[in-house]
Amino acid sequence: MKKIKKLFCVVIAMIASLCMFACGEKGGSEPAPAPAPVPDPAPGVETVEITHHGRTVSAEVYRPDASYFPIVIFSHGYNGYKDDFKSSAQYLMENGIGAITFTFCGSGARDTSGFATTDMTLYTEKEDLLAVMDYAKSLKWFDGLFLCGGSQGGMVTAMAAEDRADDLNGVVLLYPAFNIPVDWKAMYPNDNKIPETIPWMGVTLGKNFVLAMRDLDIFEKMPQFSKPVLLFHGTADDLVNISYSEQAAQTYPNAELIVKQGGVHGFLPPNEKLLEFIDDNY
């Protein structure tokens, strides 16, 4: 019985040796090719929460099918919402550019942060945007940063850009509401006559919304911002006169203004032009 087992083992060993030899002849001893790397992160859209200054910003992160990519942060306008720029963010993601859309805390009925609209100011919105910028920079696939803001979001974008110029590759401003400080000062020239609450275009604002920007001159620091700036404005805009964007285009050292004939307030920028601006400055 032992001899049979021994013979059986010898036969098995011979077969194994022949298989190894045959495999070696065919190159089977070489290591198998490594599998194709999986993009990190996986492409798609993810909802994230960004907490700062005791409040939480709700944001959507659009991740293209790439390991590293620049990110565009979109800032909506007055009483807006993170999905206002959803189509632009989706387009960029499909073309290899990351994007983040978010809702300003206290911005209106669609904000879920719990931050009161009566506590919201241009400066609390700037804090929100700066917190989103810090989040974007912390991502391991981060490779460049652009800002894009519309109307009041354009004003806040310009304010944040002046504070963080070194962090940015470029800025896109859509009919930026640079008229806000001027218009509110005209409505309430006397601080003592500003009411505690101000119902305005669907949102109840607080007195500090007006007081906080009394001394704000958005054009003052523009000459020091040398990064590329692309502005869009329509000639039929009845909320923000195009003259504000014309002045900005002449004040920023490196700016271009694209005029939309007959364009009203609130149009989205042409996706191809937005992608071209990012590609040129990435």
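Computed over heavy atoms, backbone and side chain alike; hydrogens, waters and symmetry mates excluded.
- Rounding to the nearest 0.5 angstrom, the gap separating the CZ atom in Phe142 from the NZ atom in Lys137 is 7.0 Å.
- Checking side-chain atoms of Asn179 against main-chain N and O of Leu239 turns up a donor-acceptor pair under 3.5 Å.
- You'll find the side chain of Leu174 stays beyond 4.5 Å of the side chain of Phe267, heavy atoms only.
- If you chain together hydrophobic residues whose side chains sit under 4.5 Å apart, Tyr282 and Val229 never meet in one group.
- Remark: Arg63 CZ to Leu139 CG distance equals 7.0 Å, nearest 0.5 Å.
- Taking 4.5 Å as the limit, some side-chain heavy atom of Ile100 sits within range of a side-chain heavy atom of Ile71.
- Considering only heavy atoms from C-beta on, Cys105 stays 4.5 Å or farther from Glu127 through its side chain.
- Using modelled atom types, no side-chain atom of Asp280 and backbone atom of Phe277 make a donor-acceptor pair closer than 3.5 Å.
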Without placing hydrogens or testing angles, list every side-chain donor-acceptor pair under 3.5 Å for residues 251-265, not counting sequence neighbours.
unit_1 : atom_1 : unit_2 : atom_2 : d
Thr251 : OG1    : Gln247 : O      : 2.6
His265 : ND1    : Asp237 : OD1    : 3.1
His265 : ND1    : Asp237 : OD2    : 2.7
His265 : NE2    : Ser151 : OG     : 2.8

task = Tell me, with the steps shown, if Glu125 and Met120 meet side chain to side chain contact (heavy atoms under 4.5 Å, CB included).
result = CA-CA 7 Å; Glu125 290 200 342; Met120 181 269 290; 3.7 Å; yes
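- Side-chain polar atoms of Thr101 and Lys86 form no donor-acceptor pair below 3.5 angstrom.
- Of all heavy-atom pairs between Ser75 and Leu129, the closest is OG-CD1, 3.7 Å.
- In the hydrophobic clustering (ILVMFWY side chains linked at under 4.5 Å, chained through shared members), Tyr62 is joined by Val45, Met93.
- The 12-atom threshold is exceeded at CD of Glu94, counting heavy atoms of other residues, nucleotides or ligands nearer than 6.0 Å.
- A 4.5 Å side-chain heavy-atom check between Phe232 and Val172 finds at least one atom pair inside the cut-off.
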inquiry  = Apply side chain to side chain contact (heavy atoms under 4.5 Å, CB included) to residues His52 and Val57 and explain how you reach the verdict.
reply    = CA-CA 8 Å; His52 71 101; Val57 173; 3.7 Å; yes
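- When atom types are taken as modelled, the side chain of Asn169 and the backbone of Leu145 share a donor-acceptor pair closer than 3.5 angstrom.
- Shown here for Leu231 and Pro176, the closest heavy-atom pair between the two residues is CD2-CG, 4.1 Å.
- With hydrogens and angles ignored, the 3.5 Å screen pairs a side-chain donor or acceptor of Lys227 with a backbone N or O of Leu168.
- A salt bridge links Asp163 with Lys126: the distance from a Lys NZ or Arg NE/NH1/NH2 to an Asp or Glu carboxylate oxygen falls below 4.0 Å.
- Put simply, the side chain of Tyr78 does not reach to within 4.5 Å of the side chain of Ile180, judged on heavy atoms.
- Here the side chains of Asn281 and Phe146 are in contact, with some heavy-atom distance below 4.5 Å.
- Leu92 and Tyr68 are members of different hydrophobic clusters when ILVMFWY side chains are connected at heavy-atom separations under 4.5 Å.
- Between the side chains of Asn241 and His233, no donor-acceptor pair of N or O atoms lies under 3.5 Å.
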request  = Test Phe102 against Asp128 for side chain to side chain contact (heavy atoms under 4.5 Å, CB included), laying out the working first.
outcome  = CA-CA 9 Å; Phe102 71 100; Asp128 291 344; 4.3 Å; yes
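- Note that CG of Leu274 and CD of Glu272 are 9.5 Å apart. Values are rounded to the nearest 0.5 Å.
- For Phe69 against Gly96, the heavy-atom pair with the smallest separation is CB-O, 3.6 Å.
- Here the shortest heavy-atom pairing between Leu173 and Ala158 reads CD2-N, 4.3 Å.
- If you chain together hydrophobic residues whose side chains sit under 4.5 Å apart, Ile73 and Tyr91 never meet in one group.
- To the nearest 0.5 Å, atoms CG (Asn95) and CD (Gln90) are separated by 10.5 Å.
- Hydrophobic clustering, with ILVMFWY side chains joined whenever heavy atoms are under 4.5 angstrom apart, keeps Val61 apart from Val72.
- The cluster map of Ile, Leu, Val, Met, Phe, Trp and Tyr, joined by side-chain heavy atoms under 4.5 Å apart, puts Ile97 and Val171 in different clusters.
- If you check the side chains of Thr56 and Thr51, you find a donor sitting under 3.5 Å from an acceptor.
- Across all non-hydrogen atoms, the minimal contact from Asp119 to Thr124 is O-CG2, 3.7 Å.
- In this structure, the side chains of Asn271 and Ser88 come closer than 4.5 Å at one or more pairs of heavy atoms.
- Contact of the Ser113 side chain with the Ser58 side chain is not registered, since no non-hydrogen atoms from C-beta on lie closer than 4.5 Å.
- The aromatic ring centroids of Phe85 and Phe74 lie less than 6.0 Å from each other.
- Under the 3.5 Å distance criterion, the side-chain polar atoms of Ser245 are left unmatched by any main-chain donor or acceptor of Ile242.
- Not counting sequence neighbours, the partners of Asn192 by the side chain to side chain contact (heavy atoms under 4.5 Å, CB included) test are Asn190.
- Across Tyr175 and Gly266, no two heavy atoms sit closer than the pair OH-C, 3.1 Å.
- Here the side chain of His76 pairs a donor or acceptor atom with the backbone of Phe104 at under 3.5 angstrom.
- Contacts of Arg164 classified as side chain to side chain contact (heavy atoms under 4.5 Å, CB included), with partners at least two apart in sequence or in another chain: Leu130, Met133, Asp134, Asp167.
- Considering only residues two or more places apart in sequence or on other chains, Asp183 meets the salt bridge (Lys or Arg N to Asp or Glu O under 4.0 Å) condition with none of them.
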Could you list the donor-acceptor pairs under 3.5 angstrom formed between side-chain atoms of residues 195-221 and any protein atom two or more places apart in sequence or on another chain?
unit_1 : atom_1 : unit_2 : atom_2 : d
Arg214 : NE     : Asp191 : OD1    : 2.8
Arg214 : NH1    : Tyr188 : O      : 3.0
Arg214 : NH2    : Tyr188 : O      : 2.3
Arg214 : NH2    : Asp191 : OD1    : 2.7
Asp217 : OD1    : Phe219 : N      : 3.2

inquiry  = Before you tell me yes or no, could you show the steps for Thr157 and Cys148 under side chain to side chain contact (heavy atoms under 4.5 Å, CB included), namely the whole-Å CA-CA distance, both residues' side-chain angles and the distance that decides it to 0.1 Å?
reply    = CA-CA 7 Å; Thr157 293; Cys148 178; over 6 Å; no
